[in-house]
Amino acid sequence: MVKPEIKEEIQGAYRQLLDGLKLKPRYGQKLMIAEIARTLGGIEADSEGLRVGNEHICVLEAGTGTGKTLAYLLSALPIARAANKRLIISTATVALQEQVLHQDLPALKEHAGIPFSYALAKGRGRYLCLSRLEQVLDGTQANPTMSLFERELAAPNEQLGELAQELAGEYANGRWEGDRDSWPEPISDRDWRQLTIDHRQCTNRRCGHFSACAFFRARRKVEEADVIVVNHDLVLADLALGGGMVLPAPKESFYVFDEAHHLPDKALDHFHHRLPLHGAGRWISLLKRSLTEMNTALGKQAVIARLLATIPDALATIEPRLTEVLGIAGGFEQALPPLQGDNTTRRYRFEMGRVPAEFRDLTSTLVAAFAALSKSLDGMLEILRESLDPDKSTGLQREVAEEWLPLIAMLHGRANDAFSLWQAFSEPDVEPDQPPQARWIEFQSGRDNAGDEVVIAASPVSAAHTLAQHLWGRCFGAVLTSATLTALGGFERLQERAGLANRYRYQRLPSSFDYSRAVLSVPRSAVDPAQRDQHERSIIDFVRDLDGNEAVLVLFSSRRQLRAVEQALFDDTATRERAKAILIQDQLPRRELLERHRKRVDEGEGSIIFGLASFAEGVDLPGRYLRHVVITRLPFSVPDDPVGATLSEWIESRGGNAFMRITVPDASIRLVQACGRLIRKEQDEGVITILDRRIVTKRYGKALLDSLPPFRREIA
């Protein structure tokens, strides 16, 4: 139960905020504030400030118009301050992060009467490294040892020096804070890689530039802030490092995950392992060729000399085994069909993640060899770091350690990544109640002057166990919210994917929108997409007959069909002029496309956008900027990616129905998101047309329809 004084503080802050912003209270927003206060305010702590109990998480589906950002800030911040914990606001998109930082938090600070500080936290790789900048300005591009590794991997860039001069000037005079995102012009990945650094290469307090370091300046602000704004990726990256490395420790934190439906997929990305075999062969060859120089420069240090002596044996095991892996992979490649269309990648997936015994034995040998290599490089890295400490004597000069540390750190990172991949690839799946690892090989055809590549990959098919153990089990409290958390009207799919326990609090909050202002239409012309030609023709005819003054978003499930419809409209003399006015996703940057659409509507013209799946979420065109959403096909995903396919196999092997358990619930979420493009504000109105007859003919159709908001229905 929330303490009375905190309850009064939240209620008072809410009244002040509404008065200050001249807003009216919203029913759903008040319910959300109350639910978060009950959950987080009811958490008890022991004498050491550690959480007691396991009912510390609430999951709230709150649609557009609820005002959820201000709701969770108003309710969670006073509770976090009273508990002496930090409040971490995590989003999935840059747009929402910027809204929280530049609109919601400033409004709360100005009008709610709650004193607090806030900061944005980003990973080290988003910040300029002053040591790297100095090396570029000195004309060394990195240092001599780095060139051993990077000379063959990065093309020279004459403009980098000019960019470095400009960055240095703006940072020195305080007009730029050193982060890539705030630089007014885009910085290419190639250039930025030579100006930043990762946690392995960073020497922290031992660096001569530590006091002026952009990352640590930003981190000091984060350490002092009551509210920290991050993205899901940084939260997961910090947890992967053990937690508390970049962000406060989970046990000291309240989390709010906005856009929480993205969290399971983001988590899977973090536990995904990949190893390009040709790329690995190149850096191993470079390491082998540089051993003589390493021994000359570092071998006078006794421990490093012993560690260097172990590397040739590891490489002697690794190199021929990688060649064997390439040979075995070639056999799998022969079983694949040839590339079609614009595709440049083919995949051979191991059914149920089961790797043949011969291959597993080979990968087990590579696990041991890369473990040995990683251990040797890690030992060297530790001595090099200690050599930078003036209070420690290692027998190695600081200048030498500074010169070699970046290269050794990079090699250690590559060796460690390879070890993790082979470990994930070789370990048997021993828990029958848990889904297996997905394991596959990718064959990438050379493109844009790049050579062919063979990639070995492995991934868990669910992040549920990891999230349950490392996040939900360790955090002091958490709120998960989004406009789309339920599938087919329930939270079961999210629970399964995110590892959320039944004992947590779940609630769908009522929307403030009048959905009867919108019509959901399934016209008689809608066709089952299994009839491919007829379905495509029905889309062409429908778009041709659209009112020329409408603001329309047409959502396609495939790029091929989008292009076919566009081409057919161009080929028809009667519709050619309309086709020229259609705005096509990928032909323009997203922001420019939306600006052109708004400009046309402002000038009284009609405008039609052709978009793919990414335009079904996050596109905000309120009022007259969007009056008609056309969904050409129900958004079923084909589980042909290795992770989805392996999970489906596992479910089917246990007597389940993967289509009903995964495909239909996920389609339900995407369909709600697509329909959600139409009603963005309380007075919005219009039509949603579904051109897929299956919504009324298949047995799952009723469940999909019933999961949608209560639009008026016109179903032929």
Side-chain angles (χ1 to χ4, degrees), residues 86 88-91 93-94 97-98 100-102 117-138 140-143 146 150 154 157 159-225 227-248 270 385 388 402 405-406 409-410 413:
R86 316 286 286 287
I88 297 175
I89 308 298
S90 181
T91 74
T93 62
V94 173
Q97 190 176 77
E98 290 179 347
V100 172
L101 272 172
H102 303 306
S117 59
Y118 61 90
L120 172 66
K122 291 187 283 192
R124 195 183 313 255
R126 306 307 296 175
Y127 290 94
L128 177 75
C129 171
L130 294 178
S131 290
R132 285 288 186 91
L133 179 67
E134 183 179 58
Q135 291 158 7
V136 172
L137 292 173
D138 287 346
T140 57
Q141 197 87 0
N143 56 46
M146 287 298 289
E150 292 188 323
N157 179 9
Q159 284 74 41
L160 181 60
E162 296 176 11
L163 173 64
Q165 289 281 1
E166 193 175 357
L167 296 175
E170 294 298 290
Y171 188 70
N173 62 34
R175 288 196 293 263
W176 179 53
E177 295 186 349
D179 64 299
R180 181 181 183 179
D181 305 293
S182 65
W183 188 251
E185 300 293 332
I187 302 176
S188 71
D189 290 343
R190 182 183 66 172
D191 288 345
W192 189 253
R193 276 195 300 269
Q194 298 180 68
L195 294 166
T196 190
I197 205 164
D198 64 23
H199 72 279
R200 293 187 181 99
Q201 296 168 309
C202 180
T203 57
N204 289 337
R205 296 181 182 278
R206 294 161 176 159
C207 176
H209 297 286
F210 177 76
S211 61
C213 175
F215 171 71
F216 283 102
R217 280 182 175 178
R219 185 169 177 178
R220 283 189 282 274
K221 292 181 183 178
V222 169
E223 289 171 348
E224 296 167 358
V227 180
I228 303 167
V229 181
V230 300
N231 60 31
H232 297 346
D233 288 312
L234 185 58
V235 172
L236 294 162
D238 189 57
L239 290 175
L241 293 172
M245 300 298 290
V246 178
L247 301 173
H270 276 267
R385 288 195 177 115
L388 301 179
E402 283 181 335
L405 188 142
M410 183 181 289

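For this chain, numbers begin at 1 and follow the sequence in order.
In this structure, Asp233 CG and Ser90 OG are separated by 8.5 Å, a value rounded to the nearest 0.5 Å. For the atom pair OG (Ser188) and CD (Gln159), the distance works out to 9.5 Å, reported to the nearest 0.5 Å. Taking CG of Leu167 as the reference point, atom CG of Asp191 lies at 9.5 Å (rounded to 0.5 Å). Distance CZ/Arg86 to CD1/Ile228: 4.0 Å, rounded to 0.5 Å. A distance of 5.5 Å separates CG of Leu388 from OG1 of Thr203, quoted to the nearest 0.5 Å. How far CG of Leu234 is from CG of Leu239: 9.5 Å, rounded to the nearest 0.5 Å.
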Which is it for Met410 and Asp198 under the side chain to side chain contact (heavy atoms under 4.5 Å, CB included) test, yes or no, and what are the steps along the way? CA-CA 9 Å; Met410 183 181 289; Asp198 64 23; over 6 Å; no
Does the side chain to side chain contact (heavy atoms under 4.5 Å, CB included) test come out yes or no for Cys207 and Ser131, once each step is laid out?
CA-CA 8 Å; Cys207 176; Ser131 290; 3.4 Å; yes
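Two residues are said to be in side-chain contact when any heavy atoms from C-beta on lie closer than 4.5 Å; Lys221 and Leu120 fail this criterion. A heavy-atom distance below 4.5 Å is not found between the side chains of Glu166 and Glu162. The shortest side-chain heavy-atom distance between Arg217 and Tyr127 does not fall under the 4.5 Å cut-off. Side-chain contact between Trp192 and Leu128 is present, with heavy atoms from C-beta onward closer than 4.5 Å. Leu160 has its side chain within reach of Leu195: a pair of non-hydrogen atoms, C-beta onward, lies under 4.5 Å apart. Asn204 has its side chain within reach of Phe216: a pair of non-hydrogen atoms, C-beta onward, lies under 4.5 Å apart.
Across all their heavy atoms, Gln194 and Arg190 have their closest contact at NE2-O, 3.5 Å. Of all heavy-atom pairs spanning Ala121 and Leu247, the tightest one is CB-CD2, 3.8 Å. Contact between Gln201 and Pro406 at its shortest, heavy atoms only, is NE2-O, 3.3 Å.
In terms of modelled atom types and a separation under 3.5 Å, the side chain of Trp176 and the main chain of Pro184 share no donor-acceptor contact. Arg385 places no side-chain N or O within 3.5 Å of a backbone atom of Leu405 that could act as its donor or acceptor partner. Checking side-chain atoms of Arg124 against main-chain N and O of Ile197 turns up no donor-acceptor pair under 3.5 Å. The main-chain N or O of Thr196 is found under 3.5 Å from a side-chain atom of Arg132 such that the two form a donor-acceptor pair. Remark: side-chain polar atoms of Tyr171 are paired, donor with acceptor, to backbone N or O of Ala214 under 3.5 angstrom. Although no hydrogens or angles enter the test, the distance criterion places a donor-acceptor pair under 3.5 Å between the side chain of Gln97 and the main chain of Val230.
Taking a 6.0 Å sphere around CD of Glu170, one finds it holds more than 12 heavy atoms contributed by other residues, nucleotides or ligands.
The pair Asp189-Arg180 meets the salt-bridge criterion, since a charged nitrogen lies less than 4.0 angstrom from a carboxylate oxygen. Looking at Glu224 and Arg220, no side-chain N of the basic residue comes within less than 4.0 Å of a carboxylate O on the acidic one, giving no salt bridge.
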